[in-house]
Number of protein chains: 2
Amino acid sequence: MKWATLDKEPCSVARTVAVIGDRWTLLILRDCFLRVRRFEAFQTRLGITRHLLADRLRKLVAFGVLERVAYQDSPKRYEYVLTERGLALHPVLMSIVHWGDVHMSDARGRPMLHEHKSCGHVFDPVMTCSVCGGRISARDVLTHDGPGLIRRAPRARRTPSSS
Amino acid sequence: MKWATLDKEPCSVARTVAVIGDRWTLLILRDCFLRVRRFEAFQTRLGITRHLLADRLRKLVAFGVLERVAYQDSPKRYEYVLTERGLALHPVLMSIVHWGDVHMSDARGRPMLHEHKSCGHVFDPVMTCSVCGGRISARDVLTHDGPGLIRRAPRARRTPSSS
DNA sequence: ATTGACAGTTCTAAAAAAGAACTTTAGCGT
DNA sequence: ACGCTAAAGTTCTTTTTTAGAACTGTCAAT
């Protein structure tokens, strides 16, 4: 598997990993959801090298997750804002946060709380089924081939009956 | 921010990224959920170097996501199975898959379909609120400091009134 | 006696990331 | 006019990771 063509693999995990499967990228996206928008702000908050930050932002823009928007002329200055495509990553970030809350918190408890504006309560994200609305758990899901799957030819195998 | 201490940051994203925020690790976990268990199987399916695979599996075991279980003696052979903690990563993988399905699929459609055993239908994962059951979207969430947050002292700032 | 499976380890070369300094355009204070 | 600061990068060198391939040890089967 090559990184350069990972986004062309017949697997949605691989394709998404091509976009966000990188330590810095996930932390940059976290900050985007916290409304951080500017190069300097990302750099200061994360302690990422400027070189890498520029590279990651370029890639996120190329994948349509962020948009580079001028916020002033002379000198031209740009900031990075989540596109619809980027906002659609919210469930990914929320499920990552929730796993960390439950499995990596120390005695103090969780670092952040999330309030559901429309109901006004602090909540946990729950994965549910789009059809029946029931809770989804790992043991309750079956995987099938979909139309976009291209099966690679299985490797030739020497069997007792083959030459 | 240093990788070695990322799992101690006062942020659940950072802590989770310390465990899974790596291209190979996410692909390894995908395979784990597809019931791949053995070193050779991971290596063949992913094309990862054996060195890195050994390293990533060791780390996942250290973080309690996988368990290394002997499946035969003489010679001792081990396989890697998801723990409860690992199974709890299911929503993370499902939301990653779903984003890829929606935003990275080509004309053929999605590579895999998921069936909800208990209702029998192919479904999409939907993030909902644990309190009201309503759908969660990025624009509908407010973030607050939690008990586990440690704010870093803000950097000294030269202001007109300061010396 | 040889071959092959499996779960790794051990090398070297190539690629990526860290760390620090430098660039460019412009506003502000004196 | 002069120096200072800010923002958004780029450029450079050093260090760390990763890729790629070969090798090891234990056993079973041919």
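Naming: A, B, ... by sequence-line order, numbering from 1 per chain. For clarity, every value in this text was computed on a predicted model and none was experimentally measured.
Rounded to the nearest 0.5 Å, atoms CZ (A:R37) and CZ (A:R68) are 15.5 Å apart.
Between the P atom of D:dA19 and the CG atom of B:D55 lies a distance of 11 Å, rounded to the nearest Å. Counting to the nearest Å, the C1' atom of D:dA8 and the CD1 atom of A:I28 are 14 Å from each other. Here the C1' atom of nucleotide D:dG25 and the NZ atom of B:K76 are 16 Å apart, to the nearest Å. Atom CZ in A:F39 sits about 6 Å away from atom C1' in D:dA8, given to the nearest Å. Nucleotide D:dA19 holds its P atom 10 Å from the NE2 atom of B:H51, rounded to whole Å. In this structure, A:E79 places its CD atom 12 Å from C1' of D:dA7, rounding to the nearest Å. Distance, A:L53 CG to C:dA17 C1': 13 Å, rounded to whole Å. If you take CZ of A:R37 and C1' of D:dG9, they are 20 Å apart, rounded to a whole angstrom.
A:E67 places none of its side-chain heavy atoms less than 4.5 Å from the side chain of A:Y80.
Toward the 5' end of DNA chain C, the nearer of the two residues A:R50 and A:R56, judged by each one's closest nucleotide, is A:R56. Mapped onto DNA chain C by nearest heavy atom, A:G47 and A:S74 fall at different nucleotides, with A:G47 at the one closer to the 5' end.
Nearest to the side-chain atoms of A:L52 among the listed nucleotides C:dA18, D:dT26, D:dA6 stands C:dA18. Across C:dA17, C:dT25, C:dA7, the shortest atom-to-atom separation from the side chain of A:P75 is found for C:dT25. The side chain of B:A54 has C:dG8 as its nearest neighbour among D:dT18, C:dC6, C:dG8. The side chain of B:T49 lies closest to D:dA19 when the candidates are D:dT10, D:dA19, C:dA18.
Among the atoms of the strands shown, only primed sugar atoms or phosphate atoms (P, OP1, OP2) are found under 4.0 Å from some heavy atom of B:Y71. A:R58 comes within contact range of the sugar-phosphate backbone alone, with a heavy-atom separation under 4.0 Å but no base atom that close. Across all strands shown, B:F42 has no heavy atoms under 4.0 Å from either base or sugar-phosphate atoms.
Under 4.0 angstrom from either OP1 or OP2 of D:dT16 there lies no side-chain N or O belonging to B:W3. The side chain of B:Y80 contributes no N or O atom lying less than 4.0 Å from OP1 or OP2 of C:dC6. Remark: A:W24 is in phosphate contact with C:dA18, judged by side-chain N or O atoms under 4.0 Å from OP1 or OP2.
Note on A:R139 versus B:E84: salt bridge recorded, some NZ/NE/NH1/NH2 to OD/OE distance being below 4.0 Å.
Of the residues listed (B:H90, B:K117, B:H114), the one engaging A:I136 in a side chain to side chain contact (heavy atoms under 4.5 Å, CB included) is B:H90, and it is the only one.
Judged by distance alone, the side chains of B:T49 and B:H51 never bring a donor and an acceptor atom under 3.5 Å apart.
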Inset, instruction - Go through A:E115 and A:H121 one step at a time and tell me if the side chain to side chain donor-acceptor pair (under 3.5 Å) criterion holds. - result: CA-CA 5 Å; A:E115 177 188 331; A:H121 292 95; over 6 Å; no

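One cannot find a donor-acceptor pair under 3.5 Å joining the base of C:dA7 and the side-chain atoms of B:R77.
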